[in-house]
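Read through the structure below, which is laid out as structure tokens, and then see the notes.
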Amino acid sequence: MMTEALNDDPNAIYSSLELAALLLGGSDDQALLDTVLDGVLSLTGAGRIYLFVEPPEKGQPKLATVREAAGDSTSTPPTNGPPPEVEQVMSSGQARLTPPTITIPLMCAGRCLGLLYATEIRSNLDETALPTLQALANQAAAALERSSLISALSSAEKAQREFVSLTTHQLRVPLTSISGYTDLLLSGLVGTLTEKQDNFLATIRRNVDRMGQLIGDLSDVNRIQDGRFPFDLAPFDMATLIEDVAGQQMKAIDGRSHELRQDLPAGLPTAHGDRRQIERVLERLLTNAIVYTPVGGIVTVSAFERDGQVQVSVADTGVGISIEDQAQLFEPFFRSEAEAVREHVGWGLSLALAKALVEAQDGTIWCQSVAGEGCAFYFTLPLAGTVQDRPEPIANLSATS
């Protein structure tokens, strides 16, 4: 029986193992398709194999590639159009053997995404070989489906980034106007204000500032994801940066009667990154620690060298984060439903921006926490001298984003 021959054939076993390795290794879809085509050519003894794919709209199946037994690939069709059995198999979803050809549908989730049409078969092939060959063909279907989904996702993400870029730019214009006129009124240049009017305008100004930070953070996350954010990468002293940021936060720390502790060992190696952007990361991590720690708590900032990197941690004795929330913690606009979190105003962008900024500089960021027992955020950056300087950063496009 041909099925037994295929199951015992070292080539069949090797092809199956190679496909499994490609799938487990996350290989690209073209490599997977090539392996399937070569496997079918080898197992059937065919001289040539054609890959047809499902057309976007109703019509003849579209020829994607032609592969010769020698390993060459072309796009020359077998005839002026697909053979009759190609359309029949595409409609039925059932493999068809008509020596010296065999047509195998590419099935995925019950849908035919295309088919393989092998010709010039020289081996003694019979119907019992179809299940094994169908299994190989279905791997090609999985590759096609995955490639289609990735393409659709990429298009959707691009459209989303373009929308965010346009929206943030358009919002900046009226926000700047509101901010300017509010400052003008507060200055008294257009007349004396009553105490109530002054308070109202101060409230407007605070909320304009909050909205401006939201727009800025959203724009920055968008530009980082789009590869358009300019980084000024250079060696810098992490210990000095931590001391500077901690000093800026002392008013907020004292306002909640917190104790700030710093653990900065002498001789901490120089980090490599954009000092200003890492300052923004630390500001956000410290602000979160201060806000979400009950009055009289402890906030600890530490830094040390580990595995060729500088690792920084910001720990607190605050409300903590549940395991469920930790899984979404760095997603844009995510905010926990916990009461202790909801009582504070926030947009859910600070940690998303921190993650984007750190990872764009070859670092990592993560959190460890137990609900009700505080939490610790960690991030790493490369040591100076361990990474090559990147090309000149792309020009700042904030004026058009």
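All values reported here derive from a predicted model rather than from experimental measurement.
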Between Thr203 (side chain) and Asn199 (backbone), is there a donor-acceptor pair under 3.5 Å?
yes
Which is it for Leu285 and Leu351 under the side-chain contact (heavy atoms from CB on, under 4.5 Å) test, yes or no, and what are the steps along the way?
CA-CA 8 Å; Leu285 295 182; Leu351 292 178; 3.7 Å; yes
Taking the side chain as every heavy atom from C-beta outward, state whether Leu37 and Tyr50 have any pair of such atoms under 4.5 Å apart.
no
Is there a side-chain contact between Val53 and Leu115 in this structure, where contact means two heavy atoms from C-beta onward sitting under 4.5 Å apart?
no
When you compare the side chain of Gln248 with that of Glu283, does any pair of heavy atoms fall below 4.5 Å?
yes
Taking only residues two or more places apart in sequence or in another chain, which ones pass side-chain hydrogen bond (donor to acceptor under 3.5 Å, both in side chains) with Ser257?
none
side-chain hydrogen bond (donor to acceptor under 3.5 Å, both in side chains) between Arg210 and Gln213, intermediate numbers included:
CA-CA 5 Å; Arg210 287 184 57 237; Gln213 181 177 337; over 6 Å; no
Taking the side chain as everything from C-beta on, heavy atoms only, tell me whether His272 gets closer than 4.5 Å to Gln361.
no
Could you check if a side-chain atom of Ile49 sits within less than 4.5 angstrom of a side-chain atom of Tyr117, using non-hydrogen atoms only?
no
The test is side-chain hydrogen bond (donor to acceptor under 3.5 Å, both in side chains); show your working for Thr287 and Arg284 and say whether it passes.
CA-CA 5 Å; Thr287 297; Arg284 281 157 174 75; over 6 Å; no
Mind running side-chain contact (heavy atoms from CB on, under 4.5 Å) on Val221 and Phe229 for me, showing each step along the way?
CA-CA 9 Å; Val221 170; Phe229 190 92; over 6 Å; no
Run the side-chain hydrogen bond (donor to acceptor under 3.5 Å, both in side chains) test against Arg205 and tell me which residues pass, sequence neighbours left out.
Ser179, Asp183, Asp209
Kindly write out the residues that satisfy side-chain contact (heavy atoms from CB on, under 4.5 Å) with Glu145, not counting sequence neighbours, or none if the list is empty.
Cys108, Arg111, Leu113, Leu149
For residues 368-383, which side-chain N or O atoms pair as donor and acceptor with protein atoms under 3.5 Å away, sequence neighbours left out?
from, atom 1, to, atom 2, distance (Å)
Ser369, OG, Ile321, N, 2.8
Ser369, OG, Gly374, O, 2.9
Thr380, OG1, Thr364, N, 3.1
Thr380, OG1, Thr364, OG1, 2.9

Side-chain atoms of residues 290-313: list all donor-acceptor pairs with protein atoms under 3.5 Å, sequence neighbours left out, distances to 0.1 Å.
from, atom 1, to, atom 2, distance (Å)
Tyr292, OH, Arg335, NH2, 3.1
Thr293, OG1, Ala289, O, 2.5

Apply side-chain contact (heavy atoms from CB on, under 4.5 Å) to the pair Leu185 and Val190, showing each step before the final yes or no.
CA-CA 6 Å; Leu185 290 169; Val190 293; 3.3 Å; yes
Identify whether the distance between the nearest side-chain nitrogen and carboxylate oxygen of Arg228 and Asp220 falls below 4.0 Å.
no
Pairs where residues 241-250 contributes a residue and the test salt bridge (Lys or Arg N to Asp or Glu O under 4.0 Å) is met, not counting sequence neighbours
Asp244-Arg275
Do any pairs count as a salt bridge (Lys or Arg N to Asp or Glu O under 4.0 Å) and have a residue in residues 188-204, sequence neighbours left out, and if so which ones?
none
Within-4.5 Å side-chain heavy-atom neighbours: Pro100 and Glu120:
no
Is there a donor-acceptor pair closer than 3.5 Å between any side-chain N or O of Ser219 and the backbone N or O of Ile215?
no
With no hydrogens and no angle check, is any side-chain donor or acceptor of Asp274 less than 3.5 Å from a backbone partner on Asp232?
yes
So the salt bridge (Lys or Arg N to Asp or Glu O under 4.0 Å) pairs with at least one residue in residues 315-333 (sequence neighbours excluded) are none
Got a sec, which pairs hit ring pair (Phe, Tyr, Trp, His ring centres under 6.0 Å) with one end in residues 172-204, sequence neighbours left out?
none
Measure from the side-chain N and O atoms of Thr182 to the backbone N and O of Ile178, and report whether any donor-acceptor pair falls under 3.5 Å.
yes
Can you sort out the partners of Asn138 under side-chain hydrogen bond (donor to acceptor under 3.5 Å, both in side chains), two or more places apart, ordered by chain and number?
Gln134
Once side-chain contact (heavy atoms from CB on, under 4.5 Å) is applied, do any residues pair with Leu189, and if so which ones, sequence neighbours excluded?
Leu184, Ser187
Between the side chain of Gln225 and the main-chain N/O of Asn222, is any donor-acceptor distance below 3.5 Å?
no
Output the distance between atom CD1 (Ile204) and atom CE (Met211), rounded to the nearest 0.5 Å.
13.0 Å
Of all residues at least two apart in sequence or in a different chain, which pass the side-chain hydrogen bond (donor to acceptor under 3.5 Å, both in side chains) check with Thr240?
Asp237
